[in-house]
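Notes follow once the structure below has been shown.
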Amino acid sequence: MTEKDINIEGEETLDEAPVEETAKEADAEENTSEETVAEETAAEDAEEEKDPLEKAQAQIEELKTQLLYKVAEFENYRKRTLKERAELILNGGEKVITAILPIIDDMERAIENGAKTDDPEVLREGMTLIHQKFMKTLESQGVSKIDTKDADFDTDVHEAVAMVPGMGEDKKGKVIDCLQEGYKLNDKVIRHAKVAVGQ
């Protein structure tokens, strides 16, 4: 065997060695990947193999806790609402009464001054002023008078207590006279106007 042959054989040996090592490394990496996948699959299988009863019980406990929180929250809300409602019923008229108190003061002064004078005109004027003030106070609280003058009869706001015949075609179905004023509170009828209607 010549020196050249030895070199060639040596080269061949050297060339083959790295190829074998690379193949071994690739096999090792592949084995590692396969092991990792196998471990993940085993973990998933273990999770799946976990007792379904335990899983269901854990879920039930979680739902129970959520339900208890919701029940407690609703109970607090219910108690608060009942308390607010009771306070509203007891003290709901406070605003209106506070607004009316100055009118009562005016009426008391009018009564005192009425004892000092015999002039009916003075008394009438005092009563008119008190009435105007009272109506303004009611309006500020959302109370308004139902319009009846030359109005068409409307069952939503009027109550017919009399029918007046022979008033002519132009007065038919119209309010002829108002016998008792009607009132609304914030667009809700709290008392219908009692009216006479043309027939």
Side-chain angles (χ1 to χ4, degrees), residues 56-164 167 170-199:
Q57 282 176 339
Q59 196 174 7
I60 287 167
E61 283 303 315
E62 189 183 336
L63 290 170
K64 249 189 196 177
T65 307
Q66 286 178 10
L67 180 64
L68 286 172
Y69 279 126
K70 294 292 178 191
V71 166
E73 195 178 315
F74 178 74
E75 190 62 27
N76 290 338
Y77 167 76
R78 192 180 67 81
K79 284 178 183 175
R80 189 172 63 249
T81 307
L82 285 173
K83 186 180 176 185
E84 286 172 2
R85 189 176 172 197
E87 284 176 6
L88 188 64
I89 289 167
L90 288 172
N91 305 317
E94 183 181 348
K95 186 181 172 188
V96 177
I97 290 166
T98 306
I100 289 173
L101 289 176
I103 299 164
I104 292 172
D105 296 337
D106 288 349
M107 289 178 80
E108 286 172 352
R109 279 194 290 273
I111 291 165
E112 283 176 21
N113 291 332
K116 297 174 186 174
T117 182
D118 293 329
D119 188 357
E121 193 58 40
V122 173
L123 295 173
R124 191 178 294 112
E125 190 180 331
M127 287 297 289
T128 304
L129 289 172
I130 291 169
H131 179 262
Q132 287 171 354
K133 187 173 183 178
F134 186 63
M135 291 308 294
K136 280 182 184 175
T137 303
L138 287 178
E139 282 171 18
S140 71
Q141 300 301 313
V143 177
S144 59
K145 196 183 280 191
I146 293 170
D147 185 33
T148 56
K149 190 175 181 183
D150 298 325
D152 291 328
F153 178 71
D154 183 356
T155 53
D156 291 336
V157 292
H158 303 136
E159 182 185 338
V161 292
M163 301 298 287
V164 184
M167 295 299 293
D170 58 328
K171 294 287 185 182
K172 192 173 183 179
K174 288 198 174 285
V175 174
I176 305 299
D177 190 21
C178 181
L179 308 173
Q180 186 182 67
E181 296 288 355
Y183 294 92
K184 289 181 181 180
L185 177 61
N186 299 324
D187 294 327
K188 181 188 174 185
V189 176
I190 55 174
R191 187 174 85 179
H192 288 75
K194 292 184 179 178
V195 295
V197 184
Q199 203 172 22

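Remember, predicted model here, so these are calculated numbers, not experimental data.
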Straight-line distance of [X] [atom1] to [Y] [atom2], nearest 0.5 Å:
X: Leu67; Y: Phe74; atom1: CG; atom2: CZ; answer: 12.5 Å
X: Gln180; Y: Ile146; atom1: CD; atom2: CD1; answer: 10.5 Å
X: Ile130; Y: Ile104; atom1: CD1; atom2: CD1; answer: 11.0 Å
X: Leu179; Y: Thr148; atom1: CG; atom2: OG1; answer: 9.5 Å
X: Gln141; Y: Thr98; atom1: CD; atom2: OG1; answer: 9.0 Å
X: Leu123; Y: Thr128; atom1: CG; atom2: OG1; answer: 10.5 Å

Contact between [X] and [Y] at the side-chain level, heavy atoms closer than 4.5 Å - yes or no?
X: Lys171; Y: Asp150; answer: yes
X: Asp156; Y: Val189; answer: no
X: Val164; Y: Val197; answer: no

For [X], I'd like to know if atom [atom1] has over 12 heavy atoms of other residues, nucleotides or ligands within 6.0 Å.
X: Glu75; atom1: CD; answer: yes
X: Gln199; atom1: CD; answer: yes
X: Asp105; atom1: CG; answer: yes

Could you tabulate the donor-acceptor pairs under 3.5 Å formed by side-chain atoms of residues 106-113, not counting sequence neighbours?
{"unit_1": "Asp106", "atom_1": "OD1", "unit_2": "Arg109", "atom_2": "NH2", "d": "2.5"}
{"unit_1": "Asp106", "atom_1": "OD2", "unit_2": "Lys133", "atom_2": "NZ", "d": "2.8"}
{"unit_1": "Asn113", "atom_1": "ND2", "unit_2": "Arg109", "atom_2": "O", "d": "3.3"}

Please identify each residue that fulfils side chain to side chain contact (heavy atoms under 4.5 Å, CB included) with [X], with sequence neighbours left out.
X: Glu61; value: Lys64
X: Met135; value: His131, Leu138, Lys145, Tyr183
X: Gln57; value: Leu53
X: Asn76; value: none

*Can you name the closest pair of heavy atoms from Phe153 and His158 and give their distance?*
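Heavy atoms of Phe153 and His158 come nearest at CE1-CB, 3.6 Å.
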*For residues Ile176 and Gly198, report the shortest heavy-atom separation together with the two atoms involved.*
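Looking at all heavy atoms of both residues, the closest pair is CG1-N, 3.3 Å.
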*asked:* Looking at Glu121 and Arg124, is there a salt bridge between them, counting it only when a charged N and a carboxylate O are closer than 4.0 Å?
replied: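 Looking at Glu121 together with Arg124, the answer is yes, because their closest N to O distance falls below 4.0 Å.
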*For residues 180-199, pull every pair meeting salt bridge (Lys or Arg N to Asp or Glu O under 4.0 Å), keeping only residues two or more places apart or in separate chains.*
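Of all non-adjacent pairs touching residues 180-199, none passes salt bridge (Lys or Arg N to Asp or Glu O under 4.0 Å).
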